[in-house]
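Reviewing the structure listed below.
Naming: A, B, ... by sequence-line order, numbering from 1 per chain. Keep in mind it's a predicted model, so treat the numbers as computed, not measured.
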There are 2 protein chains.
Amino acid sequence: MKDGPNIATLAALIGDPARANILTALMSGKALTASELAHEAGVTAQTASSHLRKLEDGALIARRQQGRHRYFTLAGDEVARALEGLMGLAATQGQLRTRTGPKDQALRTARVCYNHMAGEMGVRLYRAMQDRGTFRTTHSGLDLTPEGYDFVRDLGLDPDGLPPSRAPLCRECLDWSMRQSHLAGRLGRALLSRFEDLGWVARVPDSRILRVSRRGEKEFGRILG
Amino acid sequence: MKDGPNIATLAALIGDPARANILTALMSGKALTASELAHEAGVTAQTASSHLRKLEDGALIARRQQGRHRYFTLAGDEVARALEGLMGLAATQGQLRTRTGPKDQALRTARVCYNHMAGEMGVRLYRAMQDRGTFRTTHSGLDLTPEGYDFVRDLGLDPDGLPPSRAPLCRECLDWSMRQSHLAGRLGRALLSRFEDLGWVARVPDSRILRVSRRGEKEFGRILG
DNA sequence: TTCATGCTTCGACGCTAATCGAAGCATTGC
DNA sequence: GCAATGCTTCGATTAGCGTCGAAGCATGAA
């Protein structure tokens, strides 16, 4: 048999604890330096350097030199999606790192998934948008209806004016904590960015947790009906 | 940081070549014996036994004793989905096992993805169904429209009479070769089964390849317009 | 230039885990 | 009961890889 793509080397690459920690840290969407990642992974700089090299060779992360720092990010959307997939499976098996502490609860409420919003807030928002007829499925994927355009414009975003990229405008992303989809794609990214600008949510430093402000609570409550 | 589920142990479990081969073989959806899997993985029976034990402890596969044979299957939908996700990422990186040989081509045309149809045929079918307005998105996921019910009934299936399970009726599954979605879920499973009964497609032994019969070509051509 | 910072390379150590031969249990068939 | 088949357990070997100390190399600051 041995059909299909070779997943062994890829999975082995993710399968080391230090590298998994690095990748998880990069799921915040931020670019982090080698030293920061070494600290996240709990290993020395030398060891981290070796891991980063392997991850880069495996095309899971990308590097960007800036001065004497080297910033690393996930190589792309595809990588983030596969990682979220693994997290989803791990979560169903109770393989949670922390035994549902307060931090875990905060993660489930709202968090960053690479560059869009995930967790309960993300899923509820996506559901509310669906119930308003924001989306339609076409053969090329998820698309905005005219009502959807209005909804997005009301939030102060122009769907046609988003920064172009290879990624689709709308895409579903399976949420590991909710076991339902939330919104990803260029629109998902733009929405999170917009919510931050509006001060509805704020990133907690050194974490993927999103803190929802009082104002955010109110505004989301209005949108979610 | 160290937020979220522990993906390292899970990925490490998948990351061994022998175990990856075993899991890939089980993606055919069939239940295979320990000896068959040992052969697929290219290791001796003892080694395979050790791997199977680990996979079972990791809740990736399930065993079923039958006489003096032990049959193994994937533990569920979730596992198949995560594996397909990894294959998707691996495929984008050109990590194909066989360098696009004839076998690879056949896999891309039509194959089994756990229990539903994937590859070009699967994606084209799903697209055609979408263009006919077969589906609508609700907050609980993908659902059939009245037109969708008619479409499925015309194929000789009763959507309400499908075998019950925890899995949703309709679900998207990202196709690693096409980079687009095909249909999974209980309906996806029922459709593949129906196509086999009708003789439109047939499984190639010891492989995930689906061979489309002449009659199948004609009928699919009719459906796909 | 000189020093400090950030990262990488080299080399050596240690440990985990994959592998298989041989033996041990079950289950089935005769 | 006895032999054959299918699978697992045990034990020993081996190879690979993660790890870190020490040194090397850039870049930027003083």
Sugar-phosphate, base or nothing in reach of A45(A), heavy atoms under 4.0 Å: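 The answer is base, as A45(A) lies within the cut-off (heavy atoms under 4.0 Å) of a base atom.
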In whole angstrom, give the distance that lies between atom [atom1] of [X] and atom [atom2] of [N].
X: Q65(B); N: dG6(D); atom1: CD; atom2: C1'; value: 10 Å
X: H39(B); N: dT5(D); atom1: NE2; atom2: P; value: 18 Å
X: R53(B); N: dT8(D); atom1: CZ; atom2: C1'; value: 9 Å
X: N21(A); N: dT19(D); atom1: CG; atom2: P; value: 10 Å
X: D16(A); N: dC17(D); atom1: CG; atom2: P; value: 11 Å
X: Q46(A); N: dG24(D); atom1: CD; atom2: P; value: 15 Å
X: R70(B); N: dA26(C); atom1: CZ; atom2: C1'; value: 8 Å
X: H69(B); N: dA26(C); atom1: NE2; atom2: P; value: 18 Å

R127(B) CZ to L183(B) CG distance, which is reported to the nearest 0.5 Å: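 So the gap between those two atoms works out to 14.0 Å.
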Between OG1 on residue T33(B) and CD on residue Q66(B), distance to nearest 0.5 Å: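 The CD atom of Q66(B) is 11.5 Å from OG1 of T33(B), to the nearest 0.5 Å.
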Does either side chain, that of T47(B) or that of S50(B), offer a donor lying less than 3.5 Å from an acceptor on the other one?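 Absent: no donor and acceptor within the cut-off.
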[N] phosphate, OP1 or OP2: any side-chain N/O from [X] under 4.0 angstrom?
X: K54(B); N: dA18(C); result: yes
X: T44(B); N: dT19(C); result: no
X: R63(A); N: dG6(C); result: no
X: T47(B); N: dT19(C); result: no
X: R19(B); N: dA18(C); result: yes

Among [options], which nucleotide has an atom closest to any side-chain atom of [X]?
X: H51(A); options: dT5(C), dG18(D), dA18(C); answer: dG18(D)
X: F72(B); options: dT8(D), dC20(D), dT19(C); answer: dT8(D)
X: R68(B); options: dT9(C), dG6(D), dC20(C); answer: dG6(D)

Can you give me the closest heavy-atom contact between V79(B) and L60(B), atom names plus distance?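 Nearest heavy atoms, V79(B) then L60(B): CG1-O, 3.8 Å.
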So, are E84(A) and R111(A) salt-bridged, with charged N and O less than 4.0 Å apart?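 Salt bridge flag = yes for R111(A) with E84(A).
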